[in-house]
Amino acid sequence: MLPLSFAHLGPGLRRGTKKVWNALPFFALAVAMFVAWMHPAILDPRNVGWLLDGSDRGQNSMGLIAYLRGGTWPGLHDPMLMAPEGLPLALTDSNPLLGLLLGLFGLPVGWQVTGLWLFACIALQVIFARALVTRYVADPLAAFLGTALLAVSPALIARYGHVNLCAHWLILWALWVFVDPDRARRPGWWAAVLGVALLVHPYLTVMAAAIWASAVLRLLVVEPESWRRTVVGAGAVTVLLVGIAWWLGFIGLDALPTGSYGQFGMALDALWNPGNSDYSALLPGLTTTSAQGFEGLNYLGAGLLALAVVACVAAVARRERLADLPLFWLVPAFLVLTLVAIGPHWVWRGQTLMAWPLPDIVRDALDPVRAGGRLFWPVGYVIALAAIVVASRLPRASLILGAALALQLFDLAPMVSAVRATSASAGDQIYRCTRDPAWAAMVARASAIEFEPATPYLEEAVRDELTWRAITAPRPVPLRYFYASREPAAVRKRLDADTAAFQAGRIDPTRLYVILDNRIPLAVMNRIQLIDGIAVIPPVSPSSPR
């Protein structure tokens with residue numbers, strides 16, 4: 001019912017006002033979710049200190065800024081990082097979609113948009129959760145509660161370190177297209193979902209593609225007379241994806257395999273195992289390693305678990321038919337996702353029950369999805385949606401959904417608190433490890449910065465701060481090493497050659513050398529200086545202007 005003050009409005013304006021009025025609770029939900037999850041100060045684009053702590057979200061922001069300053073738009077190659085070869089923007093853990101948009105409109109030097117991206121992810125998560133739930137739930141209160149339950153996903157909350165992978169709304173968008181037969185048969189919808197997903201993150205593309213494949217399978221079986229149209233549409237979407245992959249630099253990329261598929265799988269009890277002892281108020285988190293627990297986290301939360309049990313009992317007792325929720329067609333693709341997510345190590349209650357040996361050819365083939373535990377996310381969302389739909393058809397549905405939401409929020413309070421603390425350092429201070437004014441002068445003189453050794457897990461915060469100084473300097477300075485999600489073989493060969501030259505004392509006088517492990521070769525010992533306790537070899541001759 002609208003307020004009386006709206007009664008004098010015309011029919012069209014009244015309908016528009018009603019839509020806005022109805023959307024307000026969901027906007028409030030998105031704001032509340034974000035503020036509970038992240039410190040609101042990160043929305044200030046000038047606030048960058050919270051990113052320079054060695055985390056992957058800092059890599060995301062630095063890769064994006066380096067790309068924007070490198071000037072290759074509309075190409076998606078980042079020439080400043082891993083210079084002189086550079087890297088595809090996507091391999092810097094950055095966001096190619098944002099790179100294209102910001103390359104068109106620009107971004108002031110030294111600003112970050114990671115905070116705004118995270119807020120956009122929460123807002124879109126609520127939007128698509130609402131679109132899915134309201135398709136099946138007519139009661140406004142039940143629809144709001146169901147939307148909140150679907151949106152407040154533990155897998156999303158815990159993914160704060162990988163900001164591109166916070167785009168769970170892409171999974172919900174794909175499901176929203178899938179559940180409507182008319183939308184699902186139109187290639188344009190799938191081109192939009194999969195194209196955007198590929199420009200955000202390959203893992204999300206795999207998840208959305210599994211849902212798309214299910215839609216194609218359904219069309220081929222249910223509408224066999226239209227198989228030519230279905231195949232042509234699927235082929236057009238495939239061609240588009242190949243084109244975007246080429247644009248991103250994935251086609252022909254000779255990336256070194258990590259050999260780590262299987263180390264980051266999903267535990268067999270992942271649905272009710274938080275994977276971290278600090279992530280649930282009610283259930284223990286058990287895992288083989290913190291990395292496996294994080295990447296394999298698919299915990300539903302106590303509220304959704306309880307709701308799923310209620311829904312299962314009700315579905316059996318009431319002989320509930322879910323013909324309007326076409327889950328059957330998702331089963332083949334979701335079975336594949338589940339098997340890849342579990343991987344060769346079967347883990348239960350933090351213990352490895354058995355490990356299946358994989359041939360090297362299989363391990364290398366699956367290396368692009370080495371963090372396979374993530375691939376179960378769409379299955380978790382479908383389980384949650386089915387439970388919400390069944391519960392919404394029960395007597396006193398709002399009471400049941402409200403109780404489930406309350407239990408969910410209580411259970412996830414420790415997780416939310418722990419995650420929010422990671423952004424609580426938001427403030428004016430950017431440099432904590434490299435405070436000496438000498439750094440700015442050395443960076444300004446350098447033709448490039450070389451980190452030795454060129455390895456990811458040494459003094460990440462120091463490396464981040466110097467990288468930020470280099471890419472935001474008045475004359476941006478290339479970096480000969482930058483952590484990449486995958487290393488091209490040619491780049492690794494050059495990095496090894498850099499290290500060999502450094503060890504032999506062959507120093508480029510225009511470079512700034514930063515030694516991260518304090519293992520200083522005798523050949524360069526007399527040239528070392530300590531700045532903020534960090535061993536460096538400053539450039540002794542200025543680089544030529546570029």
Side-chain angles (χ1 to χ4, degrees), residues 25-65 93-95 97-98 102 107 110-130 147-172 200-201 204 274-276 278-281 294 297 299 301 374 377 405 408-430 432 460-461 464 468:
F26 297 93
F27 176 76
L29 172 63
V31 171
M33 279 182 61
F34 179 79
V35 171
W37 184 48
M38 288 287 155
H39 195 294
I42 71 172
L43 293 174
D44 182 352
R46 298 164 298 179
N47 184 355
V48 300
W50 65 287
L51 293 168
L52 306 183
D53 61 355
S55 66
D56 285 359
R57 60 189 179 190
Q59 301 285 323
N60 175 282
S61 187
M62 288 183 287
L64 179 62
I65 300 305
D93 272 346
S94 297
N95 192 320
L97 178 64
L98 286 182
L102 293 173
L107 183 72
W111 282 25
Q112 58 86 18
V113 293
T114 304
L116 293 170
W117 166 258
L118 290 173
F119 178 77
C121 285
I122 293 297
L124 289 166
Q125 178 86 349
V126 171
I127 287 171
F128 283 108
R130 180 194 182 194
T147 297
L149 274 166
L150 190 60
V152 183
S153 163
L156 168 58
I157 295 169
R159 194 44 53 173
Y160 66 94
H162 298 144
V163 295
N164 286 1
L165 287 170
C166 289
H168 283 215
W169 53 272
L170 285 164
I171 302 171
L172 300 183
V200 173
H201 203 285
L204 293 168
N276 186 313
D278 298 326
Y279 273 5
S280 170
F294 170 63
L297 190 146
Y299 182 53
R374 303 168 179 173
W377 294 346
L405 179 60
Q408 185 84 339
L409 296 179
F410 175 79
D411 180 47
L412 299 182
M415 177 189 288
V416 173
S417 178
V419 171
R420 194 177 192 277
T422 66
S423 66
S425 62
D428 296 330
Q429 187 175 7
I430 297 177
R432 298 175 177 82
E460 293 102 323
D464 282 2
W468 188 261

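When reading the values below, keep in mind they use all heavy atoms of this one structure, side chains included, and skip hydrogens, waters and symmetry mates.
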If I take atom [atom1] from residue [X] and atom [atom2] from residue [Y], how far apart are they, to the nearest 0.5 angstrom?
| X | Y | atom1 | atom2 | result |
| --- | --- | --- | --- | --- |
| Ile122 | Trp117 | CD1 | CH2 | 11.5 Å |
| Thr422 | Asp53 | OG1 | CG | 8.0 Å |
| Asn276 | Leu297 | CG | CG | 8.0 Å |
| Phe27 | Ile127 | CZ | CD1 | 10.0 Å |
| Leu156 | Leu165 | CG | CG | 10.5 Å |
| Cys121 | Leu116 | SG | CG | 11.0 Å |

Q: Sequence neighbours left out, what passes salt bridge (charged side-chain N to carboxylate O under 4.0 Å, His left out) with Asp44? Give chain and number order.
A: Arg46
Q.
Run the salt bridge (charged side-chain N to carboxylate O under 4.0 Å, His left out) test against Arg374 and tell me which residues pass, sequence neighbours left out.
A. Glu295
(Q) Under the side chain to side chain donor-acceptor pair (under 3.5 Å) definition, can you give me all pairs with a residue in residues 163-172, not counting sequence neighbours? (A) Asn60-Asn164, Asn95-Asn164, His168-Tyr381
Q: Not counting sequence neighbours, which residues clear side-chain hydrogen bond (donor to acceptor under 3.5 Å, both in side chains) with Ser94? List them please.
A: Thr92
Q: Just jot down the side-chain hydrogen bond (donor to acceptor under 3.5 Å, both in side chains) partners of Asp464, sequence neighbours excluded, or say none.
A: Gln59
Where the side chain of [X] meets the backbone of [Y], is there a donor-acceptor pair that is under 3.5 Å apart?
| X | Y | value |
| --- | --- | --- |
| Ser423 | Arg420 | yes |
| Trp37 | Ile157 | yes |
| Gln112 | Val48 | no |

Which pair of heavy atoms, one from [X] and one from [Y], lies closest together, and at what distance?
| X | Y | result |
| --- | --- | --- |
| Gly301 | Pro154 | N-CG, 4.0 Å |
| Val200 | Ala167 | CG1-CB, 4.1 Å |
| Gly115 | Leu43 | O-CD2, 3.5 Å |

Would you please name every residue forming a side-chain contact (heavy atoms from CB on, under 4.5 Å) with [X], sequence neighbours left out?
| X | value |
| --- | --- |
| Ala148 | Leu29, Leu405 |
| Ala36 | Val416 |
| Phe410 | Ala281, Leu282 |

Using side-chain heavy atoms (C-beta onward) and a distance below 4.5 Å, is [X] in contact with [Y]?
| X | Y | value |
| --- | --- | --- |
| Tyr299 | Asp411 | yes |
| Asp93 | Arg57 | no |
| Cys166 | Gln125 | no |
| Thr114 | Ile42 | no |
| Val152 | Met33 | yes |

Q. Leu170 and His201: side-chain contact (heavy atoms from CB on, under 4.5 Å), yes or no, with the steps?
A. CA-CA 10 Å; Leu170 285 164; His201 203 285; over 6 Å; no
Q) With sequence neighbours excluded, what pairs up with Phe119 under the ring pair (Phe, Tyr, Trp, His ring centres under 6.0 Å) test? A) Phe34
Q) Applying salt bridge (charged side-chain N to carboxylate O under 4.0 Å, His left out), which residue pairs with at least one partner in residues 110-130 are found, sequence neighbours left out? A) none
Q. Could Arg159 and Phe294 be counted as a cation-pi pair, given that NZ or CZ must be under 6.0 Å from the ring centre and within 45° of the axis?
A. yes
Q) Is the closest side-chain donor-acceptor distance between Tyr160 and Asp56 under 3.5 Å? A) no
